[in-house]
S.K.: 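First, the structure itself, so that you have it in front of you.
Letters A, B, ... are given to chains in the order of the sequence lines, protein chains preceding strands, and every chain is numbered from 1.
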Amino acid sequence: MAHPPWSATDLRQEPVTTEEAPEPTAATVPYRFEPDASAAELAERFGELEAGTESGVTVTVAGRLMLRRVQGKLAFATLQDNSGPGADGRIQLFAPAATTPDFEGSAPALGDWIGVTGEVMTTRRGELSVRVDAWTLLAAARRAFPDKWHGLSDTDTRYRQRYVDLWVTEEARRTMLLRSRLVSLTRRWLEDRGFIEVETPVFHPIPGGGYARPFTTHHNALGTDLYLRIAPELYLKRLVVGGFPRVFEMARVFRNEGLSSRHNPEFTMLELYQAYGDYHDHMALTEELVAHLATELCGGTTITYQGRELDLAVPWRRATMTDLVDEQIGRRLDAATPTDELRAVCDEYELPWHDGDGPGMLLLEIYEKTTEAAQWQPVFVTDYPEEVSPLSRAHREVPGLVERFEAIVAGRELCNGFSELVDPDEQRTRFEAQARRRSGGDEEAMAVDEDYLRALEYGLPPTVGLGIGIDRLAMLLADAPSVRDVILFPTLRPEADPS
RNA sequence: GCGCCUCUAGCUCAACGGCAGAGCAACGGACUCUUAAUCCGCAGGUUCUGGGUUCGAAUCCCAGGGGGCGCACCA
């Protein structure tokens, strides 16, 4: 090799037709660069170096130039490479004119990516630095970076230009890193327990497994409409029928509904299914997984969310919907409560009801509007009305209810799980009830999925399933107020003119 | 979909019916130990868009657009 890897000299010396030296462009940066140290590693390794010391060690680092302090014939700069567990890695560059190549020439600009090779040293003030003995431009920033102190505050710009936000908003970087670790830890944790990760279709001929409006698309060659999945549930249970007793999927799902600080049209749902278990098993699994993640990511099971303390330590409280509603509004209501009485309660709390709503629908409505948001510490709400749970198995003791639970944390639904309905005849009856709602105008009700029924007819053993909202969980553990803070590129209206 | 708030230089923000400004960034200059370096100088605008009111509009009004928050929706 004629030049060290950081050198672009060979490229810059190509014949030029103009008298001026060419500006470095994307065409003049090297094809490859090989840093051998990061800011975090240097801090770790040379943290104890006394002020005014040269280490005798030469390293190559790379990153973006974020700050610059030119002092006549001596310049300091801050190179950021986002190394380290906090993704906040920065190292100072020390550049004396006497030894720094091209000091007076085309010095790098703020925002440029550069690679630097030089001796590790400390300044007289004791700041760990890399002396710039050689440097090369890796990418020029043609657009000005935001204010070096105030950064970006316009949320629109932050979401649309996340590639800038991630450099200037440490919080954003930290949050996204936490999310990445959350997903990684979850995978490992599940695999350690015998779950295998699978990928099921995003295109569904029949939308199912949830109660939501789907996005519709069209396949030209097949000449058929397809729906983007609203949940992977029905395919994952087919896999249990197929002989995989423990499966999970980190499923991006799509729901054609409103946007809010808690809803993005595409979001990530972890769904897992476990043969031979019931909903008690998955309540235990949920609390153990979340406590594990909190310990790994937040250093303990006591965390702060939006200024309020949350105790995620195992075990979490378990309470039936009936008991929780009773606690909140002082009435014992369940799926056997007469419809008239439930309607009267709805009226009392100014909740709209429809003629077609059965007791289960009304009870759920009352619970959600009066009780759910009032729960702060984690609680498993159990035993939902069958009417609103078309895929859940009937409660083994209480008629009209199913063995279903949701975990409510900080007033929000974190997950939803249930003992799965395994009886194909009963499932057909439930699907048909849904289909009646659907033809009655309820666009969110499910349709009859004949292939799913066929799968059940081959035999689904006792099974429990669970869906955890990964975005919600990330919000909780990252202490993020908006779901957009935990999604790298949240859904926004397309820009009219992005230039 | 409804309500409230918001939009000014690349970025962060002033000016609130009377000459569109500052800091940072950029550009020119001084400076060999800075830490958001400092200092001097220079340049930078469709005040989101279109109407209206007014002698005069960034400012007030109407309509539209982007964004935020709340409501509705999201079992």
Side-chain angles (χ1 to χ4, degrees), chain A residues 51-52 65-78 90-100 103 109-111 121-129 131 141-161 164-165 167-169 210-214 230-231 253-265 267 321 351-352 357-358 360-369 372 381 384-392 404 406 412-413 416 434 437 442-446 469 472 481-484 490 492-498:
Chain A
L65 198 68
M66 297 303 282
L67 295 170
R68 194 179 40 193
R69 302 172 287 280
V70 181
Q71 190 84 29
K73 298 294 180 200
L74 175 65
F76 301 89
T78 301
R90 289 181 160 203
I91 182 75
Q92 176 167 272
L93 303 178
F94 179 81
T99 59
T100 302
F103 185 90
L110 286 185
M121 49 155 299
T122 51
T123 60
R124 285 179 207 160
R125 294 283 179 85
E127 176 90 8
L128 184 65
S129 308
R131 191 181 62 227
R142 288 195 205 177
R143 293 179 184 252
F145 256 55
D147 187 289
K148 62 189 177 187
W149 186 245
H150 298 99
L152 281 176
S153 69
D154 182 56
T155 49
D156 186 45
T157 309
R158 289 190 52 215
Y159 299 148
R160 289 190 197 275
Q161 301 183 38
V164 178
D165 182 46
W167 280 103
V168 302
T169 312
Y211 202 77
R213 285 165 64 178
I230 56 175
V253 298
F254 309 86
R255 297 187 177 182
N256 204 343
E257 279 149 4
L259 295 79
S260 81
S261 57
R262 288 172 299 282
H263 301 89
N264 198 63
F267 61 101
M321 183 179 288
L351 305 173
D357 295 345
M361 203 72 153
L362 296 170
L363 173 59
L364 184 70
E365 179 72 7
I366 292 164
Y367 156 74
E368 285 185 336
K369 294 291 155 55
E372 186 172 281
V381 184
Y384 279 61
E386 180 183 304
E387 184 185 344
V388 294
S389 312
L391 302 168
S392 306
R404 173 179 167 190
E406 289 189 0
R412 294 176 195 161
E413 176 190 343
N416 180 18
Q434 285 287 308
R437 288 193 68 89
D442 184 350
E443 290 180 71
E444 290 159 349
M446 291 184 206
R472 298 271 176 92
S482 169
V483 74
R484 295 190 185 100
L492 299 171
R493 195 177 297 277
E495 271 179 289
D497 176 15

S.K.: Using a 4.0 Å cut-off on protein heavy atoms (strictly under), produce a 5'-to-3' string for nucleotides 68-73 of chain B with B for base contact, S for backbone-only sugar-phosphate contact, and - for none.
M.R.: SSS--B
S.K.: In the structure shown, which nucleotide is the Watson-Crick or G-U wobble counterpart of B:A57, with both distances under 3.5 Å?
M.R.: none
S.K.: Taking the minimum atom-to-atom distance to the side chain of A:Ala144, which one of B:G65, B:A26, B:G10 wins?
M.R.: B:G10
S.K.: To the nearest 0.5 Å, what is the distance between CZ on A:Arg255 and CG on A:Asn264?
M.R.: 12.5 Å
S.K.: Would you indicate what A:Pro490 reaches in the nucleic acid, counting non-hydrogen atoms under 4.0 angstrom: base, sugar-phosphate, or nothing?
M.R.: nothing
S.K.: Is there a donor-acceptor pair closer than 3.5 Å between any side-chain N or O of A:Glu387 and the backbone N or O of A:Gly358?
M.R.: yes
S.K.: Select base, sugar-phosphate, or nothing to describe what A:Leu67 touches, counting heavy atoms under 4.0 Å on all strands.
M.R.: sugar-phosphate
S.K.: If I pick the P atom on B:C31 and the same atom on B:A15, what distance separates them, to the nearest angstrom?
M.R.: 40 Å
S.K.: With both distances under 3.5 angstrom, what nucleotide forms a Watson-Crick or G-U wobble pair with B:C19?
M.R.: none
S.K.: Given B:A25, B:A36, B:U35, identify the nucleotide with an atom nearest to the side chain of A:Gln92.
M.R.: B:U35
S.K.: Nearest 0.5 Å please: distance from the CE atom of A:Met446 over to the CD1 atom of A:Ile230.
M.R.: 6.5 Å
S.K.: May I ask you to say what A:Val168 touches in the nucleic acid, namely base, sugar-phosphate or nothing, with a heavy-atom cut-off under 4.0 Å?
M.R.: nothing
S.K.: In whole Å, what is the span from the CZ atom of A:Phe76 to the P atom of B:A37?
M.R.: 12 Å
S.K.: Strictly below 4.0 Å: does A:Arg69 bring a side-chain N or O up to OP1 or OP2 of B:U35?
M.R.: no
S.K.: Taking B:A14 as the reference, what is the distance to B:G23 when you measure between their C1' atoms (whole Å, please)?
M.R.: 11 Å
S.K.: At what distance, to the nearest 0.5 angstrom, does CD of A:Glu368 lie from CG of A:Leu351?
M.R.: 10.5 Å
S.K.: Hey, mind stepping through A:Tyr384 and A:Leu363 against side chain to side chain contact (heavy atoms under 4.5 Å, CB included) and telling me if it holds?
M.R.: CA-CA 9 Å; A:Tyr384 279 61; A:Leu363 173 59; over 6 Å; no
S.K.: If the C1' atom of B:G21 is compared with that of B:U35, how far apart are they to the nearest Å?
M.R.: 29 Å
S.K.: Once you round it to whole Å, what is the distance between C1' of B:G65 and CZ of A:Arg493?
M.R.: 9 Å
S.K.: Distance check needed: B:C31 C1' versus A:Lys73 NZ, whole Å only.
M.R.: 10 Å
S.K.: Rounded to whole angstrom, note down the C1' distance from B:C48 over to B:A57.
M.R.: 16 Å
S.K.: Applying a 4.0 Å non-hydrogen cut-off, can you work out what A:Gly111 is touching in the nucleic acid: base, sugar-phosphate, or nothing?
M.R.: nothing
S.K.: CG of A:Leu65 to OG1 of A:Thr78: how many Å apart, nearest 0.5 Å?
M.R.: 8.0 Å
S.K.: Kindly write out the residues that satisfy ring pair (Phe, Tyr, Trp, His ring centres under 6.0 Å) with A:Tyr211, not counting sequence neighbours, or none if the list is empty.
M.R.: none
S.K.: Between the side-chain atoms of A:Asp147 and the base atoms of B:G10, is any donor-acceptor pair under 3.5 Å?
M.R.: no
S.K.: Taking pairing as Watson-Crick or G-U wobble with both contacts under 3.5 Å, can you name the mate of B:A9, or confirm there isn't one?
M.R.: none
S.K.: Please give the distance between the C1' atoms of B:C33 and B:G68 as a whole number of Å.
M.R.: 45 Å
S.K.: Is any side-chain N or O of A:Arg68 closer than 4.0 Å to OP1 or OP2 of B:A26?
M.R.: yes
S.K.: Report which part of the nucleic acid A:Tyr384 touches: base, sugar-phosphate, or nothing (heavy-atom distance under 4.0 Å, all strands).
M.R.: nothing
S.K.: Of all the nucleotides listed (B:A25, B:G65, B:C13), which has the minimum atom distance to the side chain of A:Lys148?
M.R.: B:A25
S.K.: Taking the same atom, P, in B:G50 and in B:C40, what whole-Å distance lies between them?
M.R.: 39 Å
S.K.: In the structure shown, which nucleotide is the Watson-Crick or G-U wobble counterpart of B:C4, with both distances under 3.5 Å?
M.R.: B:G68
S.K.: CG/A:Asp154 to OH/A:Tyr159 distance, rounded to the nearest 0.5 angstrom?
M.R.: 10.0 Å
S.K.: Whole-Å distance between B:A75 P and A:Arg404 CZ?
M.R.: 9 Å
S.K.: Of all the nucleotides listed (B:U12, B:G67, B:A37), which has the minimum atom distance to the side chain of A:Arg160?
M.R.: B:G67
S.K.: Please give me the minimum heavy-atom distance between A:Arg472 and A:Glu413, naming the atom from each residue.
M.R.: NH1-O, 3.0 Å
S.K.: Which nucleotide in the set B:U12, B:A75, B:C33 lies at the smallest distance from any side-chain heavy atom of A:Glu368?
M.R.: B:A75
S.K.: Kindly say if A:Arg255 contacts the phosphate of B:A75, meaning a side-chain N or O under 4.0 Å from OP1 or OP2.
M.R.: yes
S.K.: Closest to the A:Asp154 side chain: B:A75, B:U12, B:G66?
M.R.: B:U12
S.K.: Specify the residue among A:Trp149 and A:Thr157 whose closest nucleotide of RNA chain B lies further upstream toward the 5′ end.
M.R.: A:Thr157
S.K.: Could you check how far CE of A:Met66 sits from C1' of B:U35, rounded to whole Å?
M.R.: 15 Å
S.K.: Atom CD of A:Gln71 and atom P of B:C39: how far apart are they, to the nearest Å?
M.R.: 13 Å
S.K.: Expressed as a whole number of Å, how far does the C1' atom of B:A37 sit from that of B:U59?
M.R.: 38 Å
S.K.: Expressed as a whole number of angstroms, how long is the span from A:His150:NE2 to B:G10:P?
M.R.: 18 Å
S.K.: Heavy-atom count around A:Arg213 CZ within 6.0 Å, excluding the residue itself: above 12?
M.R.: no
S.K.: Taking the six-membered ring of A:Phe94 as reference, does the cationic atom of A:Arg131 (NZ for Lys, CZ for Arg) lie under 6.0 Å from its centre and within 45° of its axis?
M.R.: no
S.K.: Rounding to the closest angstrom, what is the interatomic distance between B:G44 and B:A20 at atom C1'?
M.R.: 13 Å
S.K.: Does B:A63 have a Watson-Crick or wobble partner in any strand here, with both distances under 3.5 angstrom, and which is it?
M.R.: B:U49
S.K.: Taking CZ from A:Arg158 and P from B:U12, how many angstroms apart are they, rounded to a whole number?
M.R.: 11 Å
S.K.: Across the strands shown, which category fits A:Ser153 at heavy-atom distances under 4.0 angstrom: base, sugar-phosphate, nothing?
M.R.: sugar-phosphate
